[in-house]
Amino acid sequence: NSTKNIFNQNSGKVLKKRTDELMFGHPKLGGDRIPVPFKPDYEGNVSCTLTNDEGFLAGYYLGDGHKSQCSDGRWQYGFIVSEKELECCGERLLRIINTNKSVNTLSNWNQDHDSKALSTYVSQRGFVDYCEALTLEQDKSLGIPENVWTAGANYIKGFIDGLFSSDGSVWDNKDLVHSRITLTTSREKIALDVQKLLNLFGVISRVYHSKNEDGFNRWDLTISGIQARKFAQTFKLTSSYKQEKLNNILSFENTYKDN
């Protein structure tokens with residue numbers, strides 16, 4: 001009931017804060033980030049210079065990108081895109097990649113080992129440095145890149161766009177009640193981090209763990225019903241066919257009594 005912070009006089013540590021003093025990303029005891037009440041006008045770190053394109057690149061990399069080493073020891077970043085995503089996600093990725101290379105040679109998509117997918121690999125030092133500046137080199141098992149937590153809303157929305165455009169699925173099943181959006185990942189920390197991130201924008205999700213037929217772990221973050229509508233109201237996807245399904249979800253009549 002205090003009107004100010006309570007400090008331990010010996011250690012100087014804060015023992016209590018008012019709830020209106022809690023900030024997104026503020027560490028609580030145990031090191032976890034605190035959940036934050038929904039702020040429909042959330043702008044994040046308004047001084048952040050990271051762009052929506054950079055957020056999209058980071059999110060897409062977390063979903064369908066990887067870092068590997070060339071035979072000559074150089075590092076390279078690779079991205080995979082499906083044929084039906086080539087004219088939307090593929091074109092946007094190439095624009096971002098070619099804009100941030102320090103040489104004039106342009107990257108292109110090449111047929112991947114999977115006949116239904118295309119890939120591009122970039123080892124040019126300027127682009128590798130650019131990716132590392134975005135903290136893309138962080139081990140994916142550690143969750144989403146650290147800079148997402150201190151970025152502005154524009155970057156975060158680009159990040160969600162890239163992640164769900166690459167690894168997300170959208171079901172517009174006849175009505176709002178049966179519609180859902182899912183993000184599937186083999187890394188638990190990614191699922192839990194994205195769940196916290198969506199919570200900032202008022203989108204509530206659930207995370208389910210299972211194993212596929214080969215025995216590998218998978219985590220499905222699922223957004224259903226009215227929460228799927230909130231997602232569609234807040235985020236736009238570069239993936240054209242997934243965005244079309246989000247538009248369908250927005251068009252469904254809201255039969256829920258409590259909005």
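Hydrogens, waters and symmetry mates play no part in the numbers below; they use all other heavy atoms, side chains included. Residue numbers start at 1 and run along the sequence shown.
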> Taking only residues at least two apart or on different chains, which pairs with a member in residues 202-212 satisfy side chain to side chain donor-acceptor pair (under 3.5 Å)?
Replying inline: His209-Asn217

Output side-chain donor-acceptor pairs under 3.5 Å for residues 62-69, partner residues at least two apart or in another chain, one line each.
from, atom 1, to, atom 2, distance (Å)
Lys67, NZ, Glu132, OE2, 3.4
Ser68, OG, Gln76, NE2, 3.0
Gln69, NE2, Gly73, O, 3.0

> Leu192 and Glu188: side-chain contact (heavy atoms from CB on, under 4.5 Å), yes or no, with the steps?
Replying inline: CA-CA 6 Å; Leu192 296 178; Glu188 179 182 21; 3.9 Å; yes

Return yes if some donor-acceptor pair links the side-chain N/O of [X] with the main-chain N/O of [Y] below 3.5 Å, else return no.
X: Ser165; Y: Ser239; value: yes
X: Asn173; Y: Ser179; value: no
X: Asn147; Y: Leu134; value: yes
X: Asp193; Y: Lys196; value: no

Less than 4.5 Å apart, side chain to side chain, heavy atoms only: is that true for [X] and [Y]?
X: Tyr60; Y: Val81; result: yes
X: Trp219; Y: Thr184; result: no
X: Thr234; Y: Ile160; result: no
X: Glu83; Y: Gln111; result: yes
X: Val194; Y: Leu198; result: yes

Looking only at heavy atoms, which two atoms of [X] and [Y] are closest? And how far apart?
X: Leu86; Y: Trp109; value: CD1-CD1, 3.4 Å
X: Val170; Y: Lys245; value: O-CD, 3.1 Å
X: Asn52; Y: Lys157; value: ND2-C, 4.0 Å
X: Leu94; Y: Ser107; value: CD2-O, 3.6 Å
X: Leu183; Y: Gly168; value: CD1-N, 4.1 Å
X: Thr49; Y: Glu54; value: O-OE1, 4.2 Å

Kindly compute the distance separating [atom1] ([X]) from [atom2] ([Y]), expressed to the nearest 0.5 Å.
X: Phe127; Y: Ile96; atom1: CZ; atom2: CD1; result: 8.5 Å
X: Ile249; Y: Leu176; atom1: CD1; atom2: CG; result: 7.5 Å
X: Leu93; Y: Ile80; atom1: CG; atom2: CD1; result: 11.5 Å

>> Checking Phe252 now: which residues fulfil ring pair (Phe, Tyr, Trp, His ring centres under 6.0 Å) with it, not counting sequence neighbours?
In response: none

> Can you name the residues that form a ring pair (Phe, Tyr, Trp, His ring centres under 6.0 Å) with Tyr61, not counting sequence neighbours?
Replying inline: Tyr77

> Counting only heavy atoms not in Glu137, do more than 12 fall under 6.0 Å of its CD?
Replying inline: yes

>> A quick test of your reading: do over 12 heavy atoms of other residues, nucleotides or ligands sit less than 6.0 Å from CZ of Arg218?
In response: no

> Considering the options Glu85, Arg92, Glu91, which one meets the side chain to side chain donor-acceptor pair (under 3.5 Å) requirement together with Thr238?
Replying inline: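 With Thr238 as partner, Glu85, Arg92, Glu91 yield a single side chain to side chain donor-acceptor pair (under 3.5 Å), made by Arg92.
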
> Pick from Ile144, Leu57, Leu50: which one makes a side-chain contact (heavy atoms from CB on, under 4.5 Å) with Phe159?
Replying inline: Ile144

>> Listing request: all ring pair (Phe, Tyr, Trp, His ring centres under 6.0 Å) pairs with a residue in residues 220-243, at least two apart in sequence or in separate chains.
In response: Phe164-Phe231, Phe201-Phe235, Phe231-Phe235

>> What verdict does the side-chain contact (heavy atoms from CB on, under 4.5 Å) test give for Leu118 and Asn110, after you've listed the backbone C-alpha separation in whole Å, the side-chain angles of each residue and the deciding distance to 0.1 Å?
In response: CA-CA 5 Å; Leu118 298 98; Asn110 300 297; over 6 Å; no

>> Determine whether Asp139 and Ser141 satisfy the following criterion, side chain to side chain donor-acceptor pair (under 3.5 Å), listing intermediate values before the conclusion.
In response: CA-CA 5 Å; Asp139 190 327; Ser141 64; 2.9 Å; yes

>> side chain to side chain donor-acceptor pair (under 3.5 Å), that's the test. Do Glu244 and Asn248 meet it? Break it down for me.
In response: CA-CA 6 Å; Glu244 182 178 354; Asn248 290 339; 5.2 Å; no

> After noting the C-alpha distance and the side-chain angles of Ile181 and Leu221, does the key distance pass the side-chain contact (heavy atoms from CB on, under 4.5 Å) rule?
Replying inline: CA-CA 8 Å; Ile181 302 163; Leu221 179 147; over 6 Å; no

> Are any of the side-chain nitrogens in Arg125 or Asp129 under 4.0 Å away from the carboxylate oxygens of its partner?
Replying inline: yes

>> The test is side-chain contact (heavy atoms from CB on, under 4.5 Å); show your working for Trp171 and Thr182 and say whether it passes.
In response: CA-CA 8 Å; Trp171 284 270; Thr182 300; 3.4 Å; yes

> With Asp72, which residues qualify under salt bridge (charged side-chain N to carboxylate O under 4.0 Å, His left out), at least two apart?
Replying inline: Arg74

